[in-house]
Amino acid sequence: MNPVNYLYLAALLFTIGATGVLIRRNAIVVFMCIELMLNACNLAFVTFSRMHGNLDGQIIAFFTMVVAAAEVVVGLAIIVSLFRTRHSASVDDASLMKL
Amino acid sequence: MENLIALLIAAPLLGAAVLLCGGRRLDAVGHWIGTVLAAASFVLGVVLFTGMLGKAADHRTLTQHLFSWIPVGGFQADVTFRLDQLSMTFVLLITGVGSLIHLYSVGYMEHDERRRRFFGYLNLFLAAMLLLVLADNYLLLYVGWEGVGLASYLLIGFWQHKPSAATAAKKAFLVNRVGDMGLSIAIMLMFTTFGTFAFGPVFADVDRTGQGKLTAIGLMLLLAACGKSAQVPLQSWLGDAMEGPTPVSALIHAATMVTAGVYLIVRSGAIFNAAPDAQLAVTVVGAVTLLFGAIVGCAKDDIKKALAGSTMSQIGYMVLAAGLGPIGYVFAIMHLVTHGFFKAGLFLGAGSVMHGMNDEVDMRRYGGLRKYMPVTFVTFGLGYLAIIGFPGLSGFFSKDKIIEAAFAKGGTEGWILGGAALLGAAITAYYMTRVMLMTFFGEERWRNAPTPSPAEPSVEPAAETRGEHAEPHPHESPGVMTIPMIVLAFGSVFAGGLFSVGDRFLRWLEPVTGHSEGHSPVSALTVTASTLVLLVVGAGIAYAQYGRRPVPAVAPRGSLLTRAARRDLLQDDFNHVVLVRGGEHLTRSLVYVDHTLVDGVVNGTAASVGGLSGRLRRLQNGYARSYAVSMFGGAAVLVALTLLMRAV
Amino acid sequence: MSPQLAAYTTSTGEAFQFWVLGTVAVIGALCTVFMKKAVHSALCLAGTMIVLAVFYLANGAYFLGIVQIVVYTGAIMMLFLFVVMLVGVTAADSLKETIKGQRWLALLCGVGFGVLLLAGIANASLKDFDGLGKANANGNVEGLAALIFTKYVFAFEITGALLITAAVGAMVLTHRERTERARTQRELSEQRVREGKHVPPLPAPGVYARHNAVDIAGLLPDGTASELTVSKTLRDRGQIRDVSDEAISDLKALEQRAAERLERGEDERPALKRSEEASK
């Protein structure tokens, strides 16, 4: 098996995650899909690291994880405070930008 | 000697400043300050004149460079004065007649509480007029030109409480603006053509300049002259300008300011000599105006308006002469000077009559006044004889020369112009005799004068509003008014002879204007004889109409021509229909074009953008997921493009 | 494992592992997107993440594989579950689409993007894999540490600052200041009088001397349960326990036990029966 298959898998997972962001309304699920996309990227980075024979890809993946952790903390806080004010976790309810 | 030139202007300018800024403290002495400063200017003029006479004819030009006014690169405007024989003539006329009229105004305006202001304006006018004739370049001349326009506006509207006076002042100002525009365009053309607008360099460069440009400059100068000198087609303001006090009419609208156009044409003689087309236009304007003014003068019952028509006509003579080129320049100026004397005298006489008749101006309510106003009668009569060209008096010499010069133009033009001038002389005799007879002879129509009838169109509204219905008591004016009249009468009688004997005036002006004798197809004697015959015919007709028969107190309806002439030959109607209405239609159509085309394009753009935005707005539905879809689609397109670029 | 990592084909074991676990990962991802309840989505995502952790290990990223399990699956997914618990089940969980055309547009974009991405990878025709044998020679963690603390030290520090900021931000976002003064007891009682209902405090839950749990409604004098006595949250969830039958069954049980004990003394029983009849 060619390790490039890992890349195909990463692309597939990324696309599934992106589609999930677009079709789910629950903010928490949307957020999970974003995490899925980030993980797909990480897989790609790790595979690239193996491809090039150095650890830089893994470092980037590591940073991605840290940033994702920070992002999750803030994002979930936003969802919670949104839920407290609007009693809803639907991304469609936060549609004040429309006319 | 040169340094005195600026003082000529400074004296009346100082007077204007003191009188206009001095406030009520000067009310008691203001008129004397103004008069003394005007006289001081005249004395200075005489001193300069004697100094000039002591020099050789070719070295009489004095220049005084005062300061550099606008030095901007190639644009050099200096305040420089030039006193040559031509300016000298004007200086003496302006300050001399001006001083006399100042003196006259002391009496005439005695009961006006704003007399000090009146003298301030008069001094301002003198300063501006002197600046006009003393300027050494066209830009400085333009300053004086506008200055006299301002003074004229202020003085016509001096009795601004009268709506008619305020309107007349505004009318004079607006019509003059048209002419001023011509002068400013002429100056701009000069600057682009010659690179300067000083008299000397411009006239020196005329030979090296194309015919077309010179004609354009000449026509623009003619437009300016038409505006200031009330020539057709810009003549309509002069009749209404008689709303001003009579001394103003005498000084500004008879003797001096209205002749500024003639001065401009004569001064720019070098340009006109090189542009025959422009010269022809000048003669045509002059000939048309001299007939136009004469015809209007025949029909007016208002003594001042009759005299205003006469002024227009006489200036027409001068313009005609000035348009004839070197044949006529000298005679134009000569007629200008003699006209300055006798027309100022006539106006002062008219003012004296009005003064004694409770400001009545309708000649149909005069009559038989010679018994009550002997001095006025004599001086007015001498002015009358001078203007109709009675042999031996001023007008005889100057007008006769112009008619001769018109014939000397040669060819068909000469015959037409000469014929017009001859006809004008006959009409002049007619209307002046009419004025004379209606005012000083016949029965005393002012006794038991009926209340002004509304059917009378030429009755002054002023006379009505003042409500002078009491029977007037005609009386001679005080000495302060009669003395200037007597002096001017002397001028009217002797000036022409003084100038003409031995061709003094010709030799005096020749170094500046140049002179050439034309080849007249008719002899001078024939011209003089036919002029005298026509004079007798015109005066005879007038006598038959107004001397033999009693003058009706209410004007008869009259023929079509009479009625048209009473309405100033429909000049205002023409202006209204052609210029006002035409302008309105033009602006309306422009507004229509603006509304439909310009605004249509603008609004159409706005509407289409608005409509497009309204449709695009649907994309902005406020749902974050919709925006995310478009972002995702955009990312897909980017990926596709990247792959395409790689494939290519 | 290192000799295989160097090659551009993997061992059969890894291939087998990839195909099996890869299938699991894709199914998990699809379930994450399409599961109706957020809890199920979270669990499926956790599964996918664990599979990914295994793949990290297989790719020679030993440190990352462990971190994936500890941080992602252990910490982040637990955070998700906490929030799911806080928010609860909402109408947003429905998979029914509310924006017109959104689903089809999303699917179209997704398919197009995926196809393009896969095509791009295929087009790149990556055959040359160096493997991590040399890089991991001194151990994967040591290799990463060497990079993090030399080449990427600034990024690392900045990431630390980011984490602190995120923690503070989360606290700021979720902390809520009380904007109005808390009402005193006096004000509350006055309000109750004004409104005219429940002038006394609400009745306490539970059945006197038998049950004092908060989910048991108190009994009215006629023996029916009053829902007023139970907190609103439990009422809305329908989690009220009805114990009205329990009392009787308890009584029965008590009688039975008493009877069993009294079988030894026959004479006392009729007296009890009598008293029972009298009470009826």
Side-chain angles (χ1 to χ4, degrees), chain A residues 1-9 11-20 22-29 32-33 35-36 39 42-43 46-47 49-56 58-59 61-63 65-74 76-81 83 88-90 92, chain C residues 5 8-10 15 18 22 25-26 29-30 32-33 38 41-42 45 48-49 52 55-56 59-61 64 67 71 76 79-80 83-84 86-87 90 92-93 98 103 106-107 110 113-114 117-118 121 126 129-132 134-135 143-144 147-148 152 155 159 162-163 166-167 169-170 173-174:
Chain A
M1 182 195 80
N2 190 331
V4 83
N5 285 349
Y6 287 114
L7 292 181
Y8 288 124
L9 178 65
L12 203 55
L13 292 180
F14 186 89
T15 309
I16 291 170
T19 313
L22 298 182
I23 62 178
R24 289 307 296 259
R25 275 183 295 154
N26 189 336
I28 304 170
V29 181
M32 285 185 217
C33 292
E35 291 303 314
L36 184 60
N39 271 289
N42 279 353
L43 180 59
V46 169
T47 312
S49 176
R50 181 180 180 183
M51 198 170 105
H52 293 296
N54 60 34
L55 294 174
D56 290 305
Q58 293 189 15
I59 299 283
F62 172 70
F63 282 132
M65 280 185 191
V66 179
V67 173
E71 175 226 339
V72 163
V73 169
V74 176
L76 288 179
I78 290 173
I79 290 173
V80 168
S81 60
F83 182 76
S88 159
S90 168
D92 286 358
Chain C
L5 285 172
Y8 73 81
T9 51
T10 54
F18 175 80
V26 171
L30 287 173
T32 307
V33 174
S41 286
L45 185 60
T48 306
M49 283 176 173
L52 288 182
F55 284 159
Y56 292 172
N59 275 323
L64 277 186
V67 168
V71 174
I76 294 181
L79 261 182
F80 269 106
V83 175
V84 168
L86 275 176
V87 169
T90 67
D93 287 346
T98 48
R103 171 163 295 172
L107 285 178
F113 187 80
L117 220 51
L118 296 177
I121 295 168
L126 302 164
F129 273 70
D130 291 345
L132 283 167
K134 208 184 286 177
L144 284 178
L147 275 177
I148 283 176
Y152 293 100
T159 320
L162 179 71
L163 276 175
L173 279 170
T174 48

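So that the names make sense, note that chain A is the first sequence line, chain B the second, and so on, each numbered from 1. Since the model is a prediction, treat every value here as computed from it, not as a measurement.
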Contact summary for [X] and [Y], nearest pair of heavy atoms:
X	Y	value
A/Leu36	C/Ala29	CD2-CB, 3.5 Å
A/Leu9	C/Gly22	CD1-O, 4.0 Å
C/Ala170	A/Val73	CB-CG1, 3.3 Å
A/Leu43	C/Phe55	CD1-CB, 4.0 Å
A/Ala11	C/Ile121	CB-CD1, 3.9 Å

Please look at [X] and chain C and tell me whether the side chain, the backbone, both or neither of the residue comes under 4.5 angstrom of a heavy atom of that chain.
X	answer
A/Ala69	both
A/Asn54	backbone
A/Val66	both

Which of the residues A/Gly53, A/Ala18, A/Gly20, A/Ser81 is involved in the greatest number of heavy-atom pairs with chain C at under 4.5 angstrom?
A/Gly53
Counting heavy-atom pairs under 4.5 Å with chain C, which one of A/Val74, A/Val46, A/Ile59 comes out on top?
A/Ile59
Could you walk me through whether A/Leu13 and C/Leu52 pass the side-chain contact (heavy atoms from CB on, under 4.5 Å) test, one step at a time?
CA-CA 11 Å; A/Leu13 292 180; C/Leu52 288 182; 3.9 Å; yes
Please determine, among C/Leu118, C/Ile76, C/Leu117, the option with the most heavy-atom pairs under 4.5 Å with chain A.
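Most heavy-atom pairs under 4.5 Å with chain A: C/Leu118.
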Leading residue by heavy atom contact count with chain A [cutoff under 4.5 Å; candidates C/Thr48, C/Val71, C/Val67, C/Ile148]:
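Max contact count across the listed options: C/Ile148.
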Please round to the nearest 0.5 Å and tell me the distance separating atom [atom1] of [X] and atom [atom2] of [Y].
X	Y	atom1	atom2	answer
C/Leu107	A/Thr15	CG	OG1	12.0 Å
C/Leu79	A/Glu35	CG	CD	10.0 Å
C/Tyr152	A/Phe62	OH	CZ	12.5 Å
C/Leu30	A/Ile16	CG	CD1	4.0 Å

For A/Arg24 and C/Val33, indicate whether the former's side chain and the latter's backbone hold a donor-acceptor pair under 3.5 Å.
yes
For side-chain contact (heavy atoms from CB on, under 4.5 Å), just list the numbers for C/Asn59 and A/Ser49, CA-CA rounded to whole Å, side-chain angles, deciding distance to a tenth of an Å, and then say yes or no.
CA-CA 9 Å; C/Asn59 275 323; A/Ser49 176; over 6 Å; no
Between C/Phe113 and A/Thr19, does a side-chain contact (heavy atoms from CB on, under 4.5 Å) hold up when you go through it step by step?
CA-CA 10 Å; C/Phe113 187 80; A/Thr19 313; over 6 Å; no
Region of C/Phe80 that comes under 4.5 Å of a non-hydrogen atom in chain A:
both
Which region of C/Leu144, side chain (C-beta onward) or backbone (N, CA, C, O), has a non-hydrogen atom less than 4.5 Å from a non-hydrogen atom of chain A, or is it both or neither?
both
Under a 4.5 Å cut-off applied to non-hydrogen side-chain atoms, are C/Leu86 and A/Val80 in contact?
yes
Any side-chain heavy-atom pair of C/Leu147 and A/Gln58 under 4.5 Å
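They are not in side-chain contact.
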Paired with A/Leu76, the side chain to side chain contact (heavy atoms under 4.5 Å, CB included) test is passed by just one of C/Thr174, C/Val84, C/Val83, C/Val87, namely C/Val83
